[in-house]
Amino acid sequence: MAQFLLIILLIFLASQSESAKAHLKLMWKTFNCVTNPDYISEHKCIIVEPEKSAISAELQYIKDLAQFNATFKLFMPRKPSRSFQKVIDVNVDICQFAKGIHGHRFMTIVIKAFGKQGSQLKCPHTKGLYVYPNINIAENLPAFLPETDFKIEMNFLSPAAHVINTTLTGFLFDPIKRKAKTT
Ligand SMILES: *[C@@H]1O[C@H](CO)[C@@H](O)[C@H](O)[C@H]1NC(C)=O
Ligand SMILES: *[C@@H]1O[C@H](CO)[C@@H](O)[C@H](O)[C@H]1NC(C)=O
């Protein structure tokens, strides 16, 4: 799940900006998960303290999923009101995606970079406990991103029903500038 989030975020952000900037850090503010009890009996969605740069998730699936999709929405503040505006909205067939059938060269490279972690996306997705510890997206961020707040809504759905809905908020910041501001 988190790998998928990273892939989409990287693709989006990589397409947004080409100018070289300082290496930004990411801090998560909120991470909420709402699960469908027909599919998931227990879950934990947590931001790893104290740095808040990583998230962890644990999901106990009680049903196999032969087929599942993810919808991914990214929101960023719109100037000047700073209210969130949707900047990306995609619906991806995870089973096809995990097999590398997405026709995007950049995605192929990113999926390769995940190596065996990518196998948690394979289909059919059998029931059981799935653990995604200490997902640190910031470690993998390229150096050319804009400083910004953002919100992500990611829902996973089987053809029959929504399985899990997640909402994440966070921000990207330049640690050097931030230090300068506070001293
Ligand atoms: C997830 O969100 C969808 C669309 O907003 C909603 O229809 C569905 O009931 C939600 N599912 C859960 C498990 O909350
Ligand atoms: C799953 O994603 C594929 C590819 O985007 C789309 O064609 C299909 O309609 C989606 N299915 C559901 C149930 O959302």
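Hydrogens, waters and symmetry mates are skipped; everything else that's a heavy atom, side chains included, is used. Computed from a predicted model, the values in this text were never measured in an experiment. Counting convention: from 1, in listed order, for ligands and their atoms alike.
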Protein non-hydrogen atom below 4.0 angstrom of atom 7 (O) of ligand 2 present: no
Aromatic contact, F156 with H162 (centres under 6.0 Å): no
Plane angle bin for F173 and F171 - parallel if under 30°, tilted between 30 and 60°, otherwise perpendicular: tilted
Distance-only donor-acceptor check, side chains Y39 and S158, under 3.5 Å: yes
Nearest protein heavy atom with distance in Å, relative to atom 5 (O) of ligand 2: N91 O, 2.7 Å
N or O contact, N69 vs ligand 2, cut-off under 3.5 Å: yes
In one Ile/Leu/Val/Met/Phe/Trp/Tyr side-chain cluster, 4.5 Å: L157, L168: no
Interfacing atoms of ligand 1 (cut-off 4.0 Å, heavy-atom, T35): 13 (C)
Exercise check, heavy-atom protein proximity under 4.0 Å to atom 11 (N) of ligand 1: yes
Under 4.0 Å to a heavy atom of N155 - the qualifying atoms of ligand 1, by number: 2 (O)
Protein residue, atom and distance nearest to atom 2 (O) of ligand 1, heavy-atom basis: N165 ND2, 2.3 Å
Donor-acceptor contact present, side-chain D64 to main-chain K127, <3.5 Å: yes
Salt bridge flag under 4.0 Å for residues K25 and D174: no
Atoms in ligand 2 with a heavy atom of L157 nearer than 4.0 Å: 14 (O)
Donor-acceptor contact present, side-chain T169 to main-chain T30, <3.5 Å: yes
Closest approach of any protein heavy atom to atom 14 (O) of ligand 1, naming residue and atom: V34 CG1, 3.3 Å
